[in-house]
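Below is one structure; the comments refer to it alone.
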Amino acid sequence: MPGLQANGSSGALSCPICSARHLPSRGSLQNGIYSCTCENCGHFFKFRAVGDVKNDITITINGTAYKVGNEFNPAFSLLEFMRAKDISVGTKGSCYEGGCGVCLVAVKLLDPITSTQKTYTVNACMLQLYTCDGIEVTTIEGLGNTTTGLHQLQRRMADYDGAQCGYCTPGQIMNMYGLLQRNPKPTMKEVEDVFDSTICRCTGYRSILDAMKSFAVDAPKKLKGGLIDIEDLEGRMCSKSGQACVGHCQDRSQAGPCSNSVPKPVHIVTDRAQWFKPLSLAELYPLLKQYAASNYRLVFGNSGWGIYAELGPWNYDILIDIRGVKDLYTIDTSASDHMTVGANVTLTALTELLENAPGTGLPYKDSVVKQLKNTASTGLRNMVSWAGNLDLKRRHHDFPSDVFTMLETIGAQVTVADGNGVSTQYSLTQFLQVDMKGKVIVSLRLPRYQTNDVIVRTYRTSPRLQLCASYIVSGFNFRVNSADNFRIIGKPTIVILGISGSLVHAVQTEGYLTGKQLGDPAVLKGALSTLSAELIPDSGTTLASPTYRKSLAIGQFYKYVLEVCKTKVNPRYVSGGQPLDRPVMTSSQTYGTLDPMEYPVSKPMHKLTADYLTTGEVRFMDDLPIIPGELFVAVVLSTQGNCKIKSINPSQALATPGVVKFIEASDIPGKNNWRPEGWYGPTNPLELLASSQIGFAGQPIGLVVAESQTIAENARFGVQIEYTDLQPVVTDLREAVQKKQFFKANTYTKGDVKAALASAPHKLTGTIYCGDQFHFFLETQCSLCQPSDTGGMEVRATTQWTDAVQEAVAQILGLPGASVTVENKRLGGGFGGKIIYNNPVSGMCALAAHLTRRPMKMRLDLHTNMKMQGKRTAYFAKYEVGFDNNGRLLGNDVTMYGDTGYAFTFDAYEGTERWIDNAYYCPNWSFTFQPCKTNKPVSTPCRSPGSIPAMFVMESIMDHVAKSLNKDQLEVKKVNLFQKGQTTLRGLVLDYCIMREVVAQLEQDISLASRKAAVEVFNKANRWKKRGIHVMPNKFGIPYFRAPHRALVDVYHGDGSVLIAHGGVDMGQGINTKAIQVCAYKLGIPVQKIKVARTSSVPNANNFTTGGSITSELACKGVIKCCEQILERMAPVRARMKDPTWEQLVAKCFQERVDLTASFTTHEEDQSRYQVYSACCTEVELDVLTGQYQILQMDYLYDGGISLNPALDMGQVEGGFIMGYGYFLHEELRFDPTSGELLTDGTWHYKPPLGKDLPIKFNIKFMKDDPAPQGVLRSKAVGEPPVALGATPLFALKRAIEAARRELGINQFFPLDAPSTVEMIQMACLNDVTKYTLGN
């Protein structure tokens, strides 16, 4: 049997008869033996890898060992393996690039500091399967379940209502599990620090953080739960006793020795590439030498391809896994002048090494540790090495590497070895030019300084504090004689990344400062001038502006000077050199009115499915087992907008093994239109697959059907598309306005606005802009379609609107609607993004299933989802407003231009006229909504569609009015607040209005006057830090839209249990729990006897979408009506019985043929409208030099009526506020100006808020004794009104910017558009480098 001889870079082997080159077939190995039949001469031969190596790997997951051969692609991740094998579908996938954190698992890895195995949380999507040889993995399923008992972490998360949709919940829990495994007694700050990995779009994070901080040693009494015993950390919680389980837990002490306890090197050959895993440098060096000229890559953390796709492991023929090379984990601290750190030391281990090292000789320790903790995320820091980060910088000089900046600043050196074992030491700047072919980084040399006069600081400024690349990252290392006016001894070090790919050191500034006194104002002036001259920023479509990046770099240098010379500078300037200090977050939740007499209605309860969500037992669409014969479909998107298709050539894709079919527009048997004509009419169809005209880059053109998801997704890029008639693309709404690319407008009037403006004592005009927003549901769009055995189609869809999917699929396939059924059990977030945009996904999936007559699954990857799907409508407003000397509004003429994408249909009309007046009465109005055409996907509703941009526009107008009169903003707004009996723009008379009372109560509750005074004192005392405070009132109308919502209640005679079927979709808002609560209340039975069926188009035909904040209450209303019908039928039977139990009553009714099923659909007379009144105050602190800020406090008073479930509603308010905050300050979409392609299409560039974006004090209060007579059981909606108040941080920041501008003598009004990113905020401060002085 021949040994394996790899040939060249391909990893092929040669036939021993004719020497033809082959790749071995995939498949499981038997005793490490491969087989191959020569395709040239037909000779059959067997072979195995040469040497004492393994040809498979063994990985242990939740105590079970799995052996893996060469059957997987080397690019396959641990996450993909666990999900494909149904080992852990509780571990979710979303971005598959390390940026969302839903895939976190715990693994045992070598801790180089202690030389022991420790448990770390890592991103399973970034950990390649074949690198996991010998690794123990724990997933959410390994902690506990509802059968054997929940783990205390799962129990605590459920009790704190930390699971809404539940998609991110397993990742959040596993993150905490990893922390507790290594630190069973963390502080609250340590808990908050590690919660930087997993995005949550639902909860607003507060409940998650409270649940996890309840395990901290310093947790306050309000956070109930307490510490967890170390012996309980491994075990589950007994479902009966609530204590640590002892009867079901594995006795690990009795486990036999691991069969993989003696590690061996690995060599696996697949049909794609070879995988090597050496265990020592002696084994690594020959591989480097042999494959130096090949297409190879070293593998450790594998995170680089999340940023740069060409680094993806699928692009290489040879993959050499160095995670097992023990020599690279070396840590040596014995030398007096340096420390040595091996190349395999992770960022976490490096952080811990420095954090615990004695401070002598390490003046950089604190600054570097702090910056390392803000680099990447906990899950990535635990698995990636400093060496990999440096190599990424070497490959991509434009990469703003925090690690490189820190290490170059302190003068670290790296040692590189070649295939002969010859080592060379380089400075980091030298390393950037090293050709690393056939070489490996071996170690890092960290200097120990011999003097105590060295001052090292590093700075980073980023769009988001956590898990975010920096705009600019810099480091400064000066030897300073503070006694000699801060004279610089020797040549200083100034490292700045983010300006250009070529700039590392500010060489000219370093030279200028050498030997000079930093405390000399003239020296500072000269240094700033020199630095400004040598900073020449690059331009780029995804980069911040060159002007900002240059200003920021100069600002960071100035911050360093202020800190170094703080004993000399003006006291007002000192804080400019200090970082923003974020203490541990605190919060309060006041529930308002609770009525135990009506329990379970109004009772604070967590979701009834919470236990299943926290254990990962709940299955979302992509978690469902594969159906026999199931195929997978991926969509081919256009890469150019505003053009026509010249030709489509799928031949390359069809030649890919595993590809079954290519589908294009001509294959559609029905109508090429994914908009259901029953709702939208036959005009203005939106093509499922483009037949000729391309409206936007990202538009679907064709479908590739294959045997696996991976094959389909990869093969689609082999479809060649030629375009013709290319026209300029328009992706900026303001350009569309300028070019008058308009659809039909609508105008609404009240009074005589022209006369009011003409006679007004004061008039002003202005503009304001607010952009689009991606919904960022973590469960991307998915559909599973199966042809029925009677010619129909059975669809499972991640939709908020089953009726729309049913009709869209039917018209695409040319089938009767009755032949199509649609089901949905739950969503991993929706936020409006799954109202209409699952229609094309399910339509494409059903089309593929129909044409192949096989079950079909379609799951959009995040990038495809973001490119293909419409976003929140962007708006640009022009206004003219008239007012009197007190700021009282007299007339308002507003035009809002809406970016509806490449087409306009009625759902792009968002009813902005209903909300434009917000909380303010104006007797004379003219309001025009002007939809505009751009080369973008058709916009779609996003949580609070139309309302939050309209309210933002109105708040900006009020801001302008107050500023023009030089009056306090709130005082002007209070003059204009609605009162009872006044009418809105649309003619609605406010019979019930407490807007003024809500604002007055908030002012009193938070001592607003003293808070404002404190802000003024702070601003006078600080030149480069400013605070702002802002109060925003909100009147939010809740229209029922005459929307049909259907409910069905079945009572089962056998045991009296009850099943509810309603047309709403559970997507985290708690609709099912509320339905059960009201059902239990009306029937007088325990909630445990009631269940909710999955949403289906069969019992709930013709149902309206889940959205608009109304579905929960209308579903509850339908359930109430059903219960009333059943109780009315039961009444005669009950009257003849003596105190029957519920079960006895049901049984008797059944015997007497009483109908125990009832249904109800909301009718026109059931439609109503009411107002939700609320007010929010936000206080912020701004670093004027950088634009970064923190929200110091948020106080929110909410008029929610008598809440059906205050715990769930509180979560909705918190989550809504944070989503709005993300819209107004974080989430920016950018498009290629030539092709129109979305550039911010993943987690690397698109940044929803994370945990440390929350207010430091996060206080929400529901009003007491505030029933809503028009609401269901006196309740009010909560899903959408809070989103608009997410604008209060923006306006508070505007107050801080105004304070900064006043320092320059500038006090006029300026608009602050949304999203106001860190860049926009700093630029709005109008910083002038000539003012960067010591202040003396």
### Donor-acceptor contact present, side-chain Glu807 to main-chain Gly678, <3.5 Å
yes

### Task
Answer yes if the ring centres of Tyr291 and Phe276 are under 6.0 angstrom apart, and no otherwise.
yes

Under 3.5 Å, which donor-acceptor pairs do the side chains of residues 654-665 form with other protein atoms, sequence neighbours left out?
{"from": "Thr656", "atom 1": "OG1", "to": "Gln652", "atom 2": "O", "distance (Å)": "3.3"}
{"from": "Thr656", "atom 1": "OG1", "to": "Ala653", "atom 2": "O", "distance (Å)": "3.2"}

### Query
With sequence neighbours excluded, what pairs up with Ser651 under the side-chain hydrogen bond (donor to acceptor under 3.5 Å, both in side chains) test?
Asn649

#### Entry: Donor-acceptor pair, side chain of Glu713 and main chain of Thr710, under 3.5 angstrom
no

### Message
Going by side-chain hydrogen bond (donor to acceptor under 3.5 Å, both in side chains), name the residues that satisfy it together with Ser691, two or more places apart in sequence or in a different chain.
### Response
Glu687

### Message
Quick check against the 3.5 Å criterion: does Gln806 have a side-chain atom that pairs as donor or acceptor with the backbone of Val820?
### Response
yes

### Query
Do the side chains of Cys100 and Ser94 get nearer than 4.5 Å, heavy atoms only?
yes

### Message
Rounded to the nearest 0.5 Å, what separates atom NE2 in His850 from atom SG in Cys845?
### Response
13.5 Å

### Query
Yes or no on side chain to side chain contact (heavy atoms under 4.5 Å, CB included) for Ile701 and Ile648, after CA distance, side-chain angles and deciding distance?
CA-CA 9 Å; Ile701 293 177; Ile648 303 173; 3.6 Å; yes

### Task
Examine distances only and state if a side-chain atom of Asn865 and a backbone atom of Leu862 form a donor-acceptor pair shorter than 3.5 Å.
no

### Task
Begin with the C-alpha distance, continue with both residues' side-chain angles, and end with the deciding distance and a verdict on side chain to side chain contact (heavy atoms under 4.5 Å, CB included) for Met856 and Val705.
CA-CA 9 Å; Met856 192 71 56; Val705 180; 3.8 Å; yes

#### Entry: Exercise: identify the closest heavy-atom pair between Pro1233 and Val729
O-CG2, 3.4 Å

### Task
Report the C-alpha distance between Ser647 and Glu722 in whole Å, list the side-chain angles of each, state the deciding distance to 0.1 Å, and finish with yes or no for side-chain hydrogen bond (donor to acceptor under 3.5 Å, both in side chains).
CA-CA 5 Å; Ser647 65; Glu722 287 189 75; 3.2 Å; yes

#### Entry: Sub-6.0 Å ring centroid separation between Tyr296 and Tyr316
no

#### Entry: Distance in Å, Asn73 CG paired with Trp275 CH2, rounded so as to fall on 0.5 Å steps
10.5 Å

### Query
Any donor and acceptor pair, going by atom type alone, linking the side chain of Asn935 with main-chain N or O of Gly1236 inside 3.5 Å?
no

### Query
Is the shortest side-chain N to carboxylate O distance from Asp622 to Lys92 below 4.0 Å?
no

### Message
Would you say the ring centers of Phe81 and Phe76 fall short of 6.0 Å from each other?
### Response
no

### Task
Taking side chain to side chain contact (heavy atoms under 4.5 Å, CB included) as the test, write out the residues that go with Thr934, two or more places apart.
Val730, Ala736, Asp899, Lys936

### Task
With rounding to the nearest 0.5 Å, note down the distance linking CG in Asp56 to CD in Glu71.
9.0 Å

### Task
Nearest 0.5 Å please: distance from the CE atom of Met868 over to the CD atom of Gln699.
10.5 Å

List the atom pairs, donor and acceptor, that lie under 3.5 Å between side-chain atoms in residues 778-787 and the rest of the protein, sequence neighbours left out.
{"from": "Glu779", "atom 1": "OE1", "to": "Gly828", "atom 2": "N", "distance (Å)": "2.6"}
{"from": "Glu779", "atom 1": "OE1", "to": "Lys834", "atom 2": "NZ", "distance (Å)": "3.1"}
{"from": "Thr780", "atom 1": "OG1", "to": "Leu860", "atom 2": "O", "distance (Å)": "2.6"}
{"from": "Gln781", "atom 1": "OE1", "to": "Thr798", "atom 2": "OG1", "distance (Å)": "3.4"}
{"from": "Gln781", "atom 1": "OE1", "to": "Asn838", "atom 2": "ND2", "distance (Å)": "3.1"}
{"from": "Gln781", "atom 1": "NE2", "to": "Gly833", "atom 2": "O", "distance (Å)": "3.1"}
{"from": "Gln781", "atom 1": "NE2", "to": "Gln869", "atom 2": "OE1", "distance (Å)": "3.1"}
{"from": "Ser783", "atom 1": "OG", "to": "Ser842", "atom 2": "OG", "distance (Å)": "3.0"}

### Message
Taking the side chain as everything from C-beta on, heavy atoms only, tell me whether Leu127 gets closer than 4.5 Å to Asn302.
### Response
no

### Query
Is a donor on one side and an acceptor on the other found under 3.5 Å between the side chain of Arg716 and the backbone of Val635?
yes

### Task
May I ask you to check whether Tyr680 and Trp674 place their ring centres under 6.0 Å from each other?
no

### Query
Okay, side chain of Glu630, backbone of Ile627: is any donor-acceptor separation there less than 3.5 Å?
yes

### Query
Do Asp725 and Lys646 sit within salt-bridge range, that is, some charged N less than 4.0 Å from a carboxylate O?
no

### Message
Could you go through Asp86 and Arg619, starting from their C-alpha distance and side-chain angles, then the distance that decides it, and tell me whether this counts as salt bridge (Lys or Arg N to Asp or Glu O under 4.0 Å)?
### Response
CA-CA 11 Å; Asp86 208 33; Arg619 293 207 174 211; 3.2 Å; yes

### Task
Could you check if a side-chain atom of Leu319 sits within less than 4.5 angstrom of a side-chain atom of Gln128, using non-hydrogen atoms only?
yes

### Query
Are side-chain N/O atoms of Arg83 and Ser88 paired as donor and acceptor at under 3.5 Å?
no

## Note on the structure
Applying salt bridge (charged side-chain N to carboxylate O under 4.0 Å, His left out) to Arg395 and not counting sequence neighbours gives Asp391

### Task
Just jot down the salt bridge (charged side-chain N to carboxylate O under 4.0 Å, His left out) partners of Asp803, sequence neighbours excluded, or say none.
none

### Message
Just so I know, are the side chains of Gln800 and Leu827 near enough to count as touching, which here means a heavy-atom distance under 4.5 Å?
### Response
yes

### Message
If the condition is salt bridge (charged side-chain N to carboxylate O under 4.0 Å, His left out), which residues does Arg854 pass it with, not counting sequence neighbours?
### Response
Glu707

### Query
Between atom OG1 of Thr940 and atom NE2 of His775, what is the distance when rounded to the nearest 0.5 Å?
5.0 Å

### Message
Within this structure, what is the CH2-CD1 distance for the pair Trp679 and Ile836, rounded to the nearest 0.5 Å?
### Response
13.0 Å

### Task
Could you tell me whether the side chain of Met844 reaches within less than 4.5 Å of the side chain of Leu689, counting heavy atoms only?
yes

### Task
State whether the side chain of Asn642 and the backbone N or O of Phe696 hold a donor-acceptor pair below 3.5 Å, judged by distance alone.
no

### Query
With sequence neighbours left out, what residues match His863 under side-chain hydrogen bond (donor to acceptor under 3.5 Å, both in side chains)?
Glu97, Asp1241

### Query
Is a donor on one side and an acceptor on the other found under 3.5 Å between the side chain of Asp317 and the backbone of Ala273?
no

### Query
Tell me, which pairs form a ring pair (Phe, Tyr, Trp, His ring centres under 6.0 Å) where one or both residues lie in residues 700-721, sequence neighbours left out?
none

#### Entry: Any side-chain donor near an acceptor of the partner, Ser1235 and Gln640, under 3.5 Å
no

#### Entry: Which atom of Lys871 lies closest to which atom of Pro937, heavy atoms considered
NZ-CG, 4.4 Å

### Query
Quick one: salt bridge (charged side-chain N to carboxylate O under 4.0 Å, His left out) partners of Arg796, sequence neighbours excluded?
none

### Message
Donor-acceptor pair, distance only, cut-off 3.5 Å: does the side chain of Thr724 make one with the backbone of Lys644?
### Response
no

### Query
Got a sec, which residues hit side-chain hydrogen bond (donor to acceptor under 3.5 Å, both in side chains) with Tyr723, two or more places apart in sequence or on another chain?
Thr639

### Query
Which is it for Thr131 and Asp321 under the side-chain hydrogen bond (donor to acceptor under 3.5 Å, both in side chains) test, yes or no, and what are the steps along the way?
CA-CA 6 Å; Thr131 199; Asp321 175 14; 2.7 Å; yes

